[in-house]
Every structure is written in structure tokens, then in C-alpha cells.
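One structure is given below, encoded as C-alpha cells.
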Protein chains: 2
Amino acid sequence: MTAKKKTSWSIGDLAREFDVTTRTIRFYEDEGLLQPERRGQTRVYSAADRTALKLILRGKRLGFSLAESRQLIQMYNPDANRAQLEALLGKIHERRAQLIQQLRDIEVMQLELDEAEQRCLEFLK
Amino acid sequence: MTAKKKTSWSIGDLAREFDVTTRTIRFYEDEGLLQPERRGQTRVYSAADRTALKLILRGKRLGFSLAESRQLIQMYNPDANRAQLEALLGKIHERRAQLIQQLRDIEVMQLELDEAEQRCLEFLK
DNA sequence: GGAGAAGTTTACGTTAACGTAAACTAGTAG
DNA sequence: CTACTAGTTTACGTTAACGTAAACTTCTCC
């Protein structure tokens, strides 16, 4: 009856959940995007790591590089000084502008897909 | 007074308009995404080429590979037989699904940026 | 106690998408 | 004629983001 809220994950857990390879997860650690702890040799991932991974993969789907995702993760931990925070605000605005452009792109592309579909269906009639 | 509607472009024209290098444009041709004509040695780009380039760059902003953009361009010329058209319809549905996922990703990310901004501003107060 | 299954490190390989450099040609302005 | 400017081909170089393989440890199960 005790609500079981998972609080730590193995590398295999995360790989399965997000459908990536363990190599990928270790790579992200090499790049400084994840910081799992160790139980002996073995990596143990926290909820923060899991969230970071989620951010990275969502970023990927939007065409962001790992460097850009690194920024996104930074925005999650406000452990910075004034100058850093102001730089962060700048990055936030940049990201937001990029997202807006992507929204426009998606709209246009959806319309074009509609037209393309119509043309296809017309030819198949 | 005659409405001047441009109907052909040089490689430099396109490079300037879309802010890419000429190398990039020639690369897309090597990859079969553009098919300019030649006046002597020199490439001459049609409105179709220009549209294709626009598609490619919009695709890039959404994180599409050139292979994926190649498909998008294909959808523009319905010069296919029945089987190809049906395959095309399948691709159209895939693309649409991907765009919908991206919309969701953008929504979530916008919310997160809002929160990140709030946290930043809070710390700066 | 042997065989998997899951984890680890180290290190070289691969692909996409161009960058960069060299060496050439063709038109054009002074 | 000369000096740009814009175009061309050829070809090797580069970066990001992992893939792949080898060789090893740890734990568990029968």
C-alpha cells in the first residue's frame, strides 16, 4: 500500500525507459550532462539525472545540440551568481525566440503536408 | 512599371538571401536536393530550386536530416506512380506525427523556460 | 562452480554536413 | 592590359554524436 516512488535508477533502467543505449548515457556523462553517483563501480542515477536526460532527449527531438541542451539543464539549477543569472536570462530569451520560429515552421509545414496529401489523393482517385 | 518577378537566381543570390555559403548550396546539389541548370559553367537556379532550398533550411531548423528533407521535397513533385504515391502518404503521416510531437515538446519547453525565468528573476530581486 | 546477465573501462571507427584551401576560368570596370 | 569579383572543380579536413569491439568484474541462479 506504500506508494513506491522510485528515487534511483540503474543505467539499464534509464536506457530501457527512454529507449537509448547505455553507451549514449555514458557519453552524456563524459560530456558533463549527467552526474550519477557510484555504488562501487556501478553508476546510480538520481531523479535530477533522469530529468536532465529527459531534457536532453526532448532537445534532440527539436534539433538542439548537446551544447544547447547543456544550457537548458543549467537553467534548471539556479546555483549561479548575478552575472551568470543575467547571462542565463539572455539564453532563455534566445531559446524562446527559437521555439517561436519553430512554431511558425511547423505551422507552415503542416499546411504543406495537407496540400501534399491532397495532391496525392487527387492522383490516386 | 512592369512587375519584376524574378525567375532565376545565381548561387550568390541564394547564398545571400538565405544566409548560407555557396559551398552549402553546391553540397545540396551533390546530394541531389537541388538541380540547377547551367549557362556555360555557371549554375542557374529556378524557382523550384529556390523553394527546395527554403524547404531544406526550414527542415534544418526543425532538426530534420537532409535525407528527411529529400522526402519533403519529393512530396512537392507528384511525379510518381501509384505505389510511390501511397508510400508518400505514409511518409506524410509520419512527418505529421513528428510535428505533433514537436509541438508538445515546444509547449512543455516554453513552460519550463517561463519557470526558469521566474527563478532567475527571483534570485536577482 | 559454471553460466548468464548486467555492469565497467579503453579505444578505435563511423556518418552527416559541411569548412577550407588551392588552382582555375570568365566577365567587367578603369 | 590589369585587377577585381564571382563563379568553377577537386580534394582533404573537421566536428558532433554516438557505434562497436574487446577484455574485464560482480552478482545471481541452478
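Chain letters run A, B, ... following the sequence lines, proteins first and then strands; every chain starts at 1.
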(message) Please classify the nucleic acid contact of B:Arg38 as base, sugar-phosphate, or nothing, using heavy-atom distances under 4.0 Å.
(response) sugar-phosphate
(request) Return the residues of residues 56-73 of chain A meeting this criterion: a heavy atom under 4.0 Å from some atom of DNA chain D. Order them by number, or give none. (result) A:Lys60, A:Ser65, A:Leu66
Contacts of [X] that satisfy salt bridge (charged side-chain N to carboxylate O under 4.0 Å, His left out) - sequence neighbours left out:
{"X": "A:Arg16", "result": "A:Asp13"}
{"X": "A:Arg96", "result": "B:Asp114, B:Glu117"}
{"X": "A:Glu17", "result": "A:Arg50"}
{"X": "A:Arg39", "result": "none"}

(request) Would you mind reading off the bend of the helix from C:dG1-D:dC30 to C:dG30-D:dC1 from its two end axes, five pairs each, to 10 degrees? (result) 0°
(request) Return the set of residues passing side-chain hydrogen bond (donor to acceptor under 3.5 Å, both in side chains) with B:Thr21 (not counting sequence neighbours), or none when no residue passes. (result)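 Listed in chain order: B:Thr24.
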(request) Would you please name every residue forming a side-chain hydrogen bond (donor to acceptor under 3.5 Å, both in side chains) with B:Ser46, sequence neighbours left out? (result) B:Asp49
(request) Hey, could you give me each pair passing salt bridge (charged side-chain N to carboxylate O under 4.0 Å, His left out) that has a residue in residues 55-69 of chain A? Not counting sequence neighbours. (result)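 Checked against salt bridge (charged side-chain N to carboxylate O under 4.0 Å, His left out) - neighbours excluded - the pairs reaching residues 55-69 of chain A are A:Arg58-B:Glu112, A:Arg61-B:Asp105, A:Glu68-A:Arg95.
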Check nucleotides 4-7 of chain D for protein N or O atoms closer than 3.5 Å to its own N or O atoms and list the pairs.
from, atom 1, to, atom 2, distance (Å)
D:dG7, OP1, B:Ser10, OG, 3.1
D:dG7, OP1, B:Gly12, N, 3.2

(request) Extract, from 5' to 3' on DNA chain C, the first and final nucleotides lying under 4.0 angstrom from some heavy atom of chain A. (result)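 Going 5' to 3' along DNA chain C, contacts run C:dG7 to C:dA11.
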May I have the list of side-chain donor-acceptor pairs in residues 84-92 of chain B shorter than 3.5 Å, sequence neighbours left out?
from, atom 1, to, atom 2, distance (Å)
B:Gln84, OE1, B:Asn81, N, 3.1

(request) Measure the CD1-OG1 distance between B:Ile56 and B:Thr51 for me, rounded to the nearest 0.5 Å. (result)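 If I round to the nearest 0.5 Å, the distance is 11.0 Å.
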(request) Kindly say whether A:Ile106 contributes a backbone atom to a donor-acceptor pair with the side chain of B:Gln102 at under 3.5 angstrom? (result)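 Absent.
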(message) Is it the case that the side chain of B:Arg43 and the backbone of B:Arg26 share a donor-acceptor pair, with hydrogens and angles ignored and the cut-off at 3.5 Å?
(response)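 Side chain of B:Arg43 to backbone of B:Arg26: no pair is present.
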(message) Would you say that B:Asp19 contacts B:Leu57 through its side chain, given a criterion of any heavy-atom pair below 4.5 Å between the two side chains?
(response) no
